[in-house]
2 protein chains.
Amino acid sequence: MRISEAAARSGLNVDTIRYYEAEGLVPNVVRGTDGQRRFSPDNVDWLTLLYWLRETGMPMKVMQRFAALYAQGDATIPDRKSILLDHSRLLAKRRDDLDRCDEILARKLEIYEEYLR
Amino acid sequence: MRISEAAARSGLNVDTIRYYEAEGLVPNVVRGTDGQRRFSPDNVDWLTLLYWLRETGMPMKVMQRFAALYAQGDATIPDRKSILLDHSRLLAKRRDDLDRCDEILARKLEIYEEYLR
DNA sequence: TCTTGACCTGGAGTTACTCAAGGCCGGTAT
DNA sequence: ATACCGGCCTTGAGTAACTCCAGGTCAAGA
């Protein structure tokens with residue numbers, strides 16, 4: 001499929017996809033005879049993963065490392081696994097942050113209510 | 001108190017505090033006779049709020065608006081309230097994102113386990 | 001044939017910091 | 001008294017991760 005469809009499916013925008021590819025975050029993107037990128041379903045799965053990793057705060061350098069490991073084949077699965085596990089721990093920390101922030105917002109809003117009464 | 005202590009208490013780093021002040025995000029920061037910033041406990045509370053808003057993804061423009069409203073007095077409390085309520089909804093969305101990402105990671109990790117077996 | 005739409009590259013612009021250079025000032029050690 | 005030191009100051013450059021734009025190519029439809 002073309003880049004616009006890959007963008008629509010993955011959640012990333014077209015510029016970001018091109019940027020990610022240039023930075024080595026997207027392996028195995030082929031070109032048609034017209035020089036345009038063609039995305040396989042696997043490409044789209046990969047982009048979708050990148051979308052969610054980004055959305056939850058993984059830095060590009062880590063994604064870069066992850067993509068490089070992927071390119072080296074199955075022998076790197078333990079390393080990739082530990083990257084994802086690390087990220088999973090980060091998600092837990094983010095959830096705590098959201099809870100903390102919720103508390104603070106609740107306190108502020110309560111104070112506002114008092115003023116408004 | 002001095003800027004380094006305000007940084008330690010709020011979670012923001014000193015450069016960020018100076019930057020935020022220059023951008024109008026921090027009202028009522030006074031200077032001592034030596035020209036250095038002096039932070040009151042209220043200043044620190046404000047910075048702490050900014051820290052958590054930033055940490056949970058509020059864009060600077062919104063914080064700017066929030067600070068400007070604050071500077072205009074109690075009449076703007078309803079507006080400020082709605083900014084915080086909007087942000088609270090964003091927190092809920094972020095929590096959903098974290099859950100989605102967790103699922104995706106779990107699936108990937110499961111696949112890795114199969115390879116490793 | 002002419003135009004339209006989706007794609008391409010290269011480069012500039014944006015956001016939100018973060019770091020570094022160079023300088024001032026108040027307090028301590030000699 | 002003076003030399004030094006840490007912490008502060010401003011200004012400006014650098015960075016991350018996009019995002020947008022200009023100018024150009026190409027295939028397909030009217």
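Quick caveat: nothing in here was measured; it's all calculated off a predicted structure.
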| query | Using a cut-off of 4.0 Å on non-hydrogen atoms, how would the nucleic acid contact of B/Arg31 be classed: base, sugar-phosphate, or nothing? | reply | sugar-phosphate

| query | When the distance from OH of A/Tyr20 to C1' of D/dT19 is rounded to whole Å, what number comes out? | reply | 12 Å

| request: Would you kindly give the OH-to-C1' distance between A/Tyr51 and D/dC18, to the nearest whole Å? | output: 14 Å

| remark: Atom CZ of B/Arg2 and atom C1' of D/dG6 are separated, to the nearest Å, by 9 Å

| NA contact type, B/Arg18, heavy-atom cut-off 4.0 Å: base, sugar-phosphate, or nothing? | base

| said: Side chain of B/Ser4 only, heavy atoms from C-beta on: which candidate in D/dC8, C/dA16, C/dC17 is closest? | reply: D/dC8

| task | Specify the separation, in whole Å, of atom CD1 of B/Ile3 and atom C1' of D/dC9. | result | 10 Å

| So, for B/Trp46 and B/Phe39, is the gap between ring centers shorter than 6.0 Å? | no

| message | Under 4.0 Å from OP1 or OP2 of D/dT19: is there any side-chain N or O of A/Thr16 that close? | response | yes

| query | Rounded to the nearest Å, what distance is computed from the CG atom of residue A/Leu50 to the C1' atom of nucleotide D/dC18? | reply | 14 Å

| message | Nearest whole Å is fine: how far is C/dT18 P from B/Ile17 CD1? | response | 12 Å

| Nearest to the side chain of B/Arg37, which nucleotide is it out of D/dT10, C/dC17, C/dA6? | D/dT10

| task | Round to the nearest Å and state the distance from B/Met60 atom CE to C/dC17 atom P. | result | 6 Å

| request: Starting at atom CG of B/Asp34, determine the distance to atom P of D/dG6, rounded to an integer number of angstrom. | output: 18 Å

| Counting any heavy atom closer than 4.0 Å, what does B/Asp15 reach on the DNA or RNA strands: base, sugar-phosphate only, or nothing? | base

| field | B/Asn43 vs B/Ser40, side-chain hydrogen bond (donor to acceptor under 3.5 Å, both in side chains): CA-CA, chis, key distance, verdict | value | CA-CA 5 Å; B/Asn43 287 148; B/Ser40 68; 3.3 Å; yes

| said: Do the side chains of B/Asp97 and B/Arg94 get close enough for a salt bridge, i.e. N-O under 4.0 angstrom? | reply: no

| field | Separation of A/Ile83 CD1 from A/Ser88 OG (nearest 0.5 Å) | value | 13.5 Å

| message | So, does A/Arg38 get its side chain near the phosphate of C/dC7, meaning an N or O under 4.0 Å from OP1 or OP2? | response | no

| note | Of the candidates D/dT19, C/dA6, C/dC17, the side chain of A/Asn13 sits closest to D/dT19

| Which one, D/dA17, C/dA6, C/dC8, comes nearest to the side chain of A/Tyr19? | D/dA17

| request: Measure from the side chain of A/Gln36, starting at C-beta and using heavy atoms only, and say which of C/dC17, C/dC8, D/dC18 lies closest. | output: C/dC8

| Between A/Phe39 and B/Met63, who's closer to the 5' end of DNA chain C by nearest nucleotide? | A/Phe39

| Side-chain H-bond candidate by donor/acceptor type, B/Asp45 with B/Thr48, under 3.5 Å | no

